[in-house]
Novice: 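Input: one structure, supplied below.
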Amino acid sequence: MSTAAKPLLSASELALERGGRQLFSGLTLAVAPGQLVQVEGANGAGKTSLLRILAGLSRYGFEGRVTRSAPLLFLGHHPAVKGLLTARENLRWHPAGEGSHDDVAIDAALASVGLYGYEDVPAHSLSAGQHRRVNLARLYLSPSPLWLLDEPFTAIDRDGVAALQALFVAHAERGGAVLFTSHQPLAVSYRVDSVLLRPEHIA
Amino acid sequence: MSTAAKPLLSASELALERGGRQLFSGLTLAVAPGQLVQVEGANGAGKTSLLRILAGLSRYGFEGRVTRSAPLLFLGHHPAVKGLLTARENLRWHPAGEGSHDDVAIDAALASVGLYGYEDVPAHSLSAGQHRRVNLARLYLSPSPLWLLDEPFTAIDRDGVAALQALFVAHAERGGAVLFTSHQPLAVSYRVDSVLLRPEHIA
Amino acid sequence: MWSFFHKLGSPPWLYRIAGVLLRWLLPVSLLALGTGLIWGLLFTAPDFRQGNSYRIIYIHVPAAVVALAGYYVMALAGAVSLIWKMKVADIAMKATAPVGAALTFIALVTGSIWGKPTWGTWWVWDARITSMLILLFLYLGVIALYEAYDNKAAAGRACAVLSLVGTVNIPIIYKSVDWWYSLHQPASIKFTGESTIDPTMLYPLLLSIIAFYGVFTCALLGNMRAEILARETRTGWVRRLAGGEV
Amino acid sequence: MYFDSFKAMLVMDGHGAYVWAAYGLTLLVLSLVLAAPGRRRRRLLRELRGELRRQARHGTKEAAYASGS
Amino acid sequence: MSAAPGALAFVGRLLRRQLTLALRRPVAVLNPLLFFAMVVALFPLGLGPAPDRLAAFAPGILWIIALLANLLSAEMLFRSDFEDGSLEQLLLSPQPLYLSVLAYVLAHWLLTGVLLAAIAPLFAVMLNLPVAALPALVGSLLLGTGVLSFVGSIGASLTVGLRRGGMLIALLVLPFYMPVLIFGAGAVEGALAGLPVAPYLAILGALFSFAAALGPFAIGAGLRISIDA
Amino acid sequence: MSAAPGALAFVGRLLRRQLTLALRRPVAVLNPLLFFAMVVALFPLGLGPAPDRLAAFAPGILWIIALLANLLSAEMLFRSDFEDGSLEQLLLSPQPLYLSVLAYVLAHWLLTGVLLAAIAPLFAVMLNLPVAALPALVGSLLLGTGVLSFVGSIGASLTVGLRRGGMLIALLVLPFYMPVLIFGAGAVEGALAGLPVAPYLAILGALFSFAAALGPFAIGAGLRISIDA
Ligand code: HEM
Ligand SMILES: Nc1ncnc2c1ncn2[C@@H]1O[C@H](COP(=O)(O)OP(=O)(O)OP(=O)(O)O)[C@@H](O)[C@H]1O
Ligand SMILES: Nc1ncnc2c1ncn2[C@@H]1O[C@H](COP(=O)(O)OP(=O)(O)OP(=O)(O)O)[C@@H](O)[C@H]1O
Ligand SMILES: [Mg+2]
Ligand SMILES: [Mg+2]
């Protein structure tokens, strides 16, 4: 399945050592349209490090090659939400500079992540989960086919997680792809590929 | 069950309004030794606000009375872990100033949260989950019978969550009590009381 | 007596009584201000040394005097609000700061304008002038601190702590500035000293000092009313007020 | 009246500009200080009235919140 | 996707964002001014109030304060964006980094340099600087703080990733601040002495164009390095 | 639980923590010194290098720099602890807050004031200050920066909870810094003029005792307010 279409992202023979420990080596992967890929592994296994390499944020200190053939959307551990700006302004003036900046679209995206009525609230007075939801609203605005998401379900309540997972499936079905890390299994009726980072497998 | 022993913490008729919305009102609860209490509610329901009131960090702007009759341990959204200090130093010089400050005990606690071998690593080069685990190690060091934990499972992997839940049960069985927030149900064979914050229930 | 304090803690009562007071005090103060200023400006003889520019005294001195007194009002209110946790005191403190800052500003600007024809310069680093500048900073500090807090209950307490620390420090500041001045520069400008004021100049001056106190009190009461409303938006009486008032 | 003419009053032996500027500025600042609380009070009441009206129409807490209360 | 019109609109949005962030707390905008005012008040206290002495030192004092205000605010320029992940997003953006960086520097200049230049005459008069020297002061501050903003941003971009890099930026950028200080204070002193000011301003202008042309590349490179550290 | 021996041990641990945090990045400790060095280097550039002029201004200049260095580092005193939740933990601690706060201020004083006082003679000599005035300089800096640390910490505690309070702290504390500046610079100038220095130092000492006795209460109150904001 993953080899059918031209991959949006591929990496070959990735190897990374951090703090004197080999996190992974010989890691080869490709993400094709329609794929959901879950990166799994214990705390400290190297999931975040891998995502940052794939996104192009880490450009030195690892071995291997990464080929990105489509625009990507990266959401990291830090939500890139400014406390002083309102939810709407955060999206309108987002430094990633892709996606829609039209207020109607933004309000619709905020409503989709359950922030209807909070458009004009400064983000610093949102709860932890609402704060992260502002960031997740970008998933409804971005035109990028490939999503790289680092623990997108953090601090999100049960309904929110279900809605997000449905969104992943919908995105994959319309030809996008999602590579994400999470410690909990997806509860969807769609094939989820998995990349397991395991210390034993490396040593 | 909750009325058997003298409660470690009790609150009566709590009411809180934030940003023009009534989060809860008439909330009365008591936490007795041996109890596990899970505070549940959607994002923005007021769980964090409630815990900060119970801990005594918020002292104005709410109605009702809180009585704390035992020393408590509070772990909030922010882990209070200094990136520049090693894992061991973080615990040894912890600003909460309770619990053991003996290196042997600290190393044992770090081992219990899966950080064996990371004692001397500066916290800023730990992964997100490891970072939070340093904070959780305080659960093994503190003498406080009452724990107030805000989303303790955030960023922790599956094995880590299971170990933590076992620790909660052990703590309750030896006469402690845990009041915590979490979006996922506990998988333990011990009675878990629940406080549900629901917007409908308030309006 | 006790019921008076109890009433002081009741915002609607305070709002109403401040309104009644204002209705009387405002016209009286404005009348006094007008009389004092026109008297001083047009009906007194010029000073034999400074000529007509001395007429600035009728705004400069009242502004300076009331601005200084205002700080003590504010600090006292802050102390009361911190120690006895009285809401009124908190509101009064918040309401004083902008008025005091405005009067300090007036004293500085008029003094500065007066300095140009008299000393030939807009500004000198004289002890009293410098301490007036510091007073402006103290007022601005309270205003800025208050504005910077989102949680207004916390803002009130923070400002109370600040102004309490301020009261302890004010004497030290003034003493040190005085000392600094006498250290560096022999007294080149003296406001007080020999210039014994002629009664024909004194009466309008006294009148306008009283008028400035009146204006200060009016602005204070007005600010308190607005502040009470802002803090009590969620309560029934304000909602009824909003519904009723056209 | 000390001055002989209106012109003399304006000029004040060359000090007129200073004196009038000082008085003008003072009156300006004082009137601002006196007017500000009333304006703020009326604005607060107006906003509250708008909110009450909206609330009466929608009858929900959500609507009141969305209106930026 | 990085077509020119889209890119310019993006720069406009970034600029709006930066200015809004600053203006949302009026205190934040007033900061450099307050800082200016306070330090101007400190100098007579520390040095003594003799008017002629103060006037002689006014150009240097004003310029040094402008420089410190600039330095201190440059340190903050990218920090919060780094800490909350906004900087990663900026670097992943399909928009040209040169222009985005320009928006940051421009916002910084508007909020410190331009504001300081606008308010400086007031403080200059308080330090007894003759009115004749004011145009040179304002002109040199306007141009000079532009250069300072670019240089300071380069320092900020290189140090933002360092935990507790603290005032390391001061060490990095102060040597580059010095020429600006020399020509800036020189222009005002020249005006005081009745000399022509144009040559000084021309040099500052040249420095400014140079900084504007090359600075953003250095800043962009610095940010990429910092994000990876 | 808040028994005296335990409390003192806790203060010791907090002090160790603060000092370690600072020392872990040597840059952080050197910062105030670098700042000092840079500004000392800038002043002759801005003011012109005539030696006698410099000597006359050296006390004021050195004191103003000490004051700015103190202010800038005070701003950071509680910020990172606030942001990462350490401050909450400190306030929930069963230990007496008065003593914990004292540990913070003491660490700050050691890392800025004491260090500056130790290094100041070097810069004083660079500014042509006569050697006879050095004891007064060091003594007044030692005592005076102690007061500054307490006052600065009060400002820091009141502003730490503010998002983007920026340098609001400068506005709040500078009026209180002024007496210290006047007496501190006065001591050195007195020594230059051959006057006795003891009265100045006695006043600074009195201010210091006063600040040490009451300051921690204000700081504690400020922190409790900030955590709740
Ligand atoms: C910016 C410049 C100035 C400031 C900040 C300033 C400030 C003050 C202050 C604080 C007072 C004290 C009020 C009191 O006694 O409580 C005062 C009084 C006075 N000022 Fe000024 N002043 C300035 C310029 C001038 C100038 C240029 C003159 C005239 C040459 C002047 C003449 C007076 C007089 C006559 C009094 C009242 C006499 C007394 O009781 O001390 N001032 N001023
Ligand atoms: N400083 C503040 N000012 C105004 N409103 C606030 C503030 N902090 C929180 N709120 C509001 O209070 C509500 C409850 O916030 P709280 O953080 O308690 O929620 P929570 O239940 O912990 O949510 P989460 O699951 O997302 O952590 C939210 O709607 C939020 O918008
Ligand atoms: N800056 C760094 N310097 C040295 N080692 C680092 C650094 N950052 C991360 N590491 C190490 O790399 C390993 C992997 O970190 P990474 O953040 O990729 O883990 P992760 O799989 O995302 O874990 P988590 O589930 O906790 O988020 C960890 O053991 C960590 O100690
Ligand atoms: Mg991770
Ligand atoms: Mg929460």
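A note on names: the letters A, B, ... follow the listed sequences, proteins ahead of strands, and every chain is numbered from 1. FYI, side chains are in, hydrogens and waters are out, and symmetry mates aren't considered; it's all heavy atoms of this structure.
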Novice: Examine whether an atom of A:R132 lies under 4.5 Å from a heavy atom of chain B, and if so say whether it belongs to the side chain, the backbone or both; otherwise answer neither.
Specialist: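 Nothing of A:R132, per the 4.5 Å heavy-atom cut-off to chain B.
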Novice: So what's closer than 4.5 Å to chain B heavy atoms on A:E151: side chain, backbone, both or neither?
Specialist: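 For A:E151, the contact with chain B is made by the side chain alone.
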Novice: What part of A:T48 lies closer than 4.5 angstrom to a heavy atom of chain B: side chain, backbone, both or neither?
Specialist: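 For A:T48, no heavy atom lies under 4.5 Å from chain B.
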Novice: Name the member of A:G46, A:G41, A:A155, A:A128 that forms the most heavy-atom pairs with chain B at distances under 4.5 Å.
Specialist: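 When all of A:G46, A:G41, A:A155, A:A128 are compared, A:A155 has the most.
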Novice: Contact part of B:S125 toward chain A, heavy-atom cut-off under 4.5 Å: side chain, backbone, both or neither?
Specialist: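 No part of it gets close to chain A.
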Novice: If you count heavy-atom pairs under 4.5 Å between each of B:S49, B:S182, B:G44, B:G114 and chain A, which one has the most?
Specialist: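 That would be B:G44.
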Novice: Is there a donor-acceptor contact under 3.5 Å from the side chain of A:R158 to the main chain of B:H183?
Specialist: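 Side chain of A:R158 to backbone of B:H183, a donor-acceptor pair under 3.5 Å: yes, one is there.
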Novice: Should we count CZ of A:R65 as having more than 12 external heavy atoms under 6.0 Å?
Specialist: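 Not more than 12 within 6.0 Å, no.
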Novice: Quick check on B:Y116: does its OH atom have over 12 non-hydrogen neighbours (other residues, nucleotides or ligands) under 6.0 Å away?
Specialist: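 Atom OH in B:Y116 is not crowded, with 12 or fewer foreign heavy atoms closer than 6.0 Å.
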Novice: Find the one option among A:R133, A:K47, A:H131, A:E40 whose heavy-atom pairs under 4.5 Å with chain B are most numerous.
Specialist: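 The answer is A:R133.
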Novice: Which residue, B:D159, B:L126, B:D157, forms the side chain to side chain contact (heavy atoms under 4.5 Å, CB included) with A:N43?
Specialist: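 Among B:D159, B:L126, B:D157, the one that satisfies the side chain to side chain contact (heavy atoms under 4.5 Å, CB included) with A:N43 is B:D157.
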Novice: Side chain, backbone, both or neither: which part of B:F153 has a non-hydrogen atom closer than 4.5 Å to chain A?
Specialist: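 No part of it gets close to chain A.
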